[in-house]
Amino acid sequence: MTVENFNKTKIKICGLRRREDILAVNEAKPDYCGFIIEFPKSIRSVTADEVRELVNDLSPDIQPVGVFVNAPMKLVKALMDEGTLAMAQLHGQENESYITELKAHTDKPVIKAFSIKTADDMENALQSPADYILLDQGSGGTGKTFDWSLIPMIRRPFFLAGGIGEENLEQAIREIHPFAVDLSSSVETEKWKDPEKIRRVVDIVRKAVQD
């Protein structure tokens with residue numbers, strides 16, 4: 001598939017799990033929303049059937065992304081094939097053969113997440129066959145950033161995650177120039193998505209000045 005070009009950074013709100021969350025993103029209009037699928041270790045995990053139901057109410061302007069952690073290929077393919085998901089985000093130890101097989105099966109984009117702690121981690125991420133890479137600090141949803149200086153000037157589009165919120169969102173866009181920013185815990189109040197926080201961060205991204 002052809003990775004879309006971009007001039008302005010996009011935004012993804014991740015970890016949706018209730019109809020109220022869908023209503024909140026429908027109102028705020030981020031570019032993407034993420035669902036953590038069949039990963040019980042996460043408090044934000046939802047079942048495949050719950051995702052199907054939630055996506056039914058999602059605005060067609062927002063692309064639904066399935067977040068998977070070492071999930072059976074069959075599950076990922078099924079949700080992509082039936083049109084429930086527009087993209088798959090792999091957040092486990094999925095290897096290159098897993099990614100290559102998934103890409104051969106679908107023309108929908110595949111994102112691979114990487115924990116960035118060293119320059120070697122960054123180099124490894126750049127070699128991924130995924131359509132997009134996602135750069136994170138390691139443990140999703142902790143609200144902590146990683147050392148952004150480890151990100152070189154790179155051509156391939158990437159999602160930036162980990163500890164991004166209202167206080168540093170504009171800085172991240174201005175300094176790092178990611179294809180998209182990915183937010184979850186920073187748009188929550190007491191571990192539930194907060195419609196007002198979602199609206200504010202989407203507004204910041206839309207108004208951000210980018211060189």
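Worth knowing before you read on, the calculation uses all heavy atoms, side chains too, and leaves out hydrogens, waters and symmetry mates.
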(request) Looking only at non-hydrogen atoms, find the nearest pair between R156 and A125 and report the distance. (result) NH1-O, 3.8 Å
(request) Check the side chains of K197 and T189 for a donor-acceptor pair under 3.5 angstrom, ignoring hydrogens and angles. (result) yes
(request) Please check if F114 and L150 belong to a single hydrophobic cluster, counting links between Ile, Leu, Val, Met, Phe, Trp and Tyr side chain heavy atoms closer than 4.5 Å. (result) yes
(message) Please check: side-chain N/O of K207 versus main-chain N/O of V202, any donor-acceptor pairing under 3.5 Å?
(response) no
(message) Between E123 and D121 (side chain of the first, backbone of the second, donor and acceptor by atom type, cut-off under 3.5 Å), is there such a pair?
(response) no
(request) Could you tell me whether R17 sits above the aromatic face of W192, with NZ or CZ closer than 6.0 angstrom to the six-membered ring centre and within 45 degrees of the axis? (result) yes
(request) Using a strict 4.0 Å threshold on nitrogen-to-oxygen distance, state whether E196 and R199 make a salt bridge. (result) yes
(message) Could you see if L160 belongs to whatever hydrophobic cluster contains L126? Use Ile, Leu, Val, Met, Phe, Trp, Tyr and a side-chain cutoff under 4.5 Å.
(response) yes
(request) Answer yes or no: does atom CD of E166 have more than 12 heavy-atom neighbours from other residues, nucleotides or ligands under 6.0 Å? (result) yes
(request) Say whether Y98 and F39 are linked into one hydrophobic cluster, either directly or through other cluster members, by side-chain heavy-atom distances under 4.5 angstrom. (result) no
(request) Of all the heavy-atom pairs spanning Q63 and A86, show the shortest one and how long it is. (result) OE1-CB, 3.7 Å
(request) Kindly indicate whether the side chain of L169, heavy atoms from C-beta on, has any atom under 4.5 Å from the side chain of V205. (result) yes
(request) Can you see which heavy atom on P178 is nearest to which on A172, and at what distance? (result) CD-O, 3.7 Å
(message) With a 4.5 Å cut-off on side-chain heavy atoms, are K193 and V187 touching?
(response) yes
(message) So for atom CZ, which belongs to R18, do other residues, nucleotides or ligands contribute more than 12 heavy atoms lying within a distance under 6.0 Å?
(response) yes
(request) State which residue, out of I99, D182, L134, I133, fulfils the side chain to side chain contact (heavy atoms under 4.5 Å, CB included) condition with I111. (result) L134
(message) Just verifying a value: how many Å separate I36 CD1 and H91 NE2, rounded to the nearest 0.5 Å?
(response) 8.0 Å
(message) Test side chain to side chain contact (heavy atoms under 4.5 Å, CB included) on S185 and R44; report intermediate values, then the result.
(response) CA-CA 10 Å; S185 59; R44 303 175 184 90; 3.6 Å; yes
(request) State, without any angle test, whether S97 and N95 hold a side-chain donor-acceptor pair at a distance under 3.5 Å. (result) yes
(request) Report yes or no: do N70 and Q93 form a side-chain donor-acceptor pair below 3.5 Å? (result) yes
(request) Give the C-alpha distance, both sets of side-chain angles, the deciding distance and a yes or no for side-chain hydrogen bond (donor to acceptor under 3.5 Å, both in side chains) between H105 and D81. (result) CA-CA 9 Å; H105 180 80; D81 288 348; 2.9 Å; yes
(request) Search all heavy atoms of S59 against all heavy atoms of K29 and return the closest pair with its distance. (result) OG-CE, 3.8 Å
(request) Treating Ile, Leu, Val, Met, Phe, Trp and Tyr as nodes and any side-chain heavy-atom pair under 4.5 angstrom as an edge, say whether V25 and L23 lie in one connected cluster. (result) no
(request) Check whether any side-chain heavy atom of Y132 lies under 4.5 Å from a side-chain heavy atom of F179, and answer yes or no. (result) yes
(message) Under 4.5 Å between side-chain heavy atoms, counting indirect links through other Ile/Leu/Val/Met/Phe/Trp/Tyr residues: same cluster for I198 and I62 or not?
(response) yes
(message) Test side chain to side chain contact (heavy atoms under 4.5 Å, CB included) on N168 and I164; report intermediate values, then the result.
(response) CA-CA 6 Å; N168 63 356; I164 305 171; 3.9 Å; yes
(message) For a side chain to side chain contact (heavy atoms under 4.5 Å, CB included) check, start with the C-alpha distance between V55 and I22, then their side-chain angles and the critical distance, and finish with the verdict.
(response) CA-CA 8 Å; V55 167; I22 299 297; over 6 Å; no
(message) Do the side chains of E82 and R52 get close enough for a salt bridge, i.e. N-O under 4.0 angstrom?
(response) yes
(message) Taking the side chain as everything from C-beta on, heavy atoms only, tell me whether W148 gets closer than 4.5 Å to I116.
(response) no
(request) Can you measure from OG1 (T118) to CZ (F146) and round to the nearest 0.5 angstrom? (result) 11.5 Å
(request) State plainly whether the residues D31 and R206 are in salt-bridge range, i.e. N to O under 4.0 Å. (result) yes
(message) Salt bridge or not between D203 and R200? Use side-chain N to carboxylate O under 4.0 Å.
(response) no
(request) Can you measure from NZ (K112) to CD (E96) and round to the nearest 0.5 angstrom? (result) 10.5 Å
(message) Would V67 and C14 count as a side chain to side chain contact (heavy atoms under 4.5 Å, CB included) here? Give the steps.
(response) CA-CA 9 Å; V67 179; C14 201; 3.7 Å; yes
(message) Please check if the number of heavy atoms outside E27 that lie under 6.0 Å from its CD is greater than 12.
(response) no
(request) Consider only side-chain N and O atoms of K12 and Q89, and report whether a donor and an acceptor are under 3.5 Å apart. (result) yes
(message) On a heavy-atom basis, which atom in P129 and which in T100 lie closest, and how many Å separate them?
(response) CG-OG1, 4.1 Å
(message) For a 4.5 angstrom cut-off between non-hydrogen side-chain atoms, does L54 reach F35?
(response) yes
(request) Of all the heavy-atom pairs spanning A88 and F68, show the shortest one and how long it is. (result) CB-CE1, 4.2 Å
(message) Quick one: does any side-chain atom of E38 pair with a main-chain N or O of A48 as donor and acceptor, under 3.5 Å?
(response) yes
(message) Side chains of D147 and S149: any donor to acceptor distance under 3.5 Å?
(response) yes
(message) Working to the nearest 0.5 angstrom, can you tell me the gap between N56 CG and E53 CD?
(response) 7.5 Å
(request) Flag the pair M87 / V110 as yes when at least one side-chain heavy-atom distance between them is below 4.5 Å, and no otherwise. (result) no
(message) Do I13 and I11 have side chains that approach each other closer than 4.5 Å (heavy atoms only, starting at C-beta)?
(response) yes
(request) Nearest 0.5 Å please: distance from the CG atom of L16 over to the OG atom of S184. (result) 8.0 Å
(message) Using side-chain heavy atoms (C-beta onward) and a distance below 4.5 Å, is K77 in contact with L102?
(response) yes
(message) Measuring from atom CD1 of I37 to atom OG1 of T47, what distance do you get when rounded to the nearest 0.5 angstrom?
(response) 9.0 Å
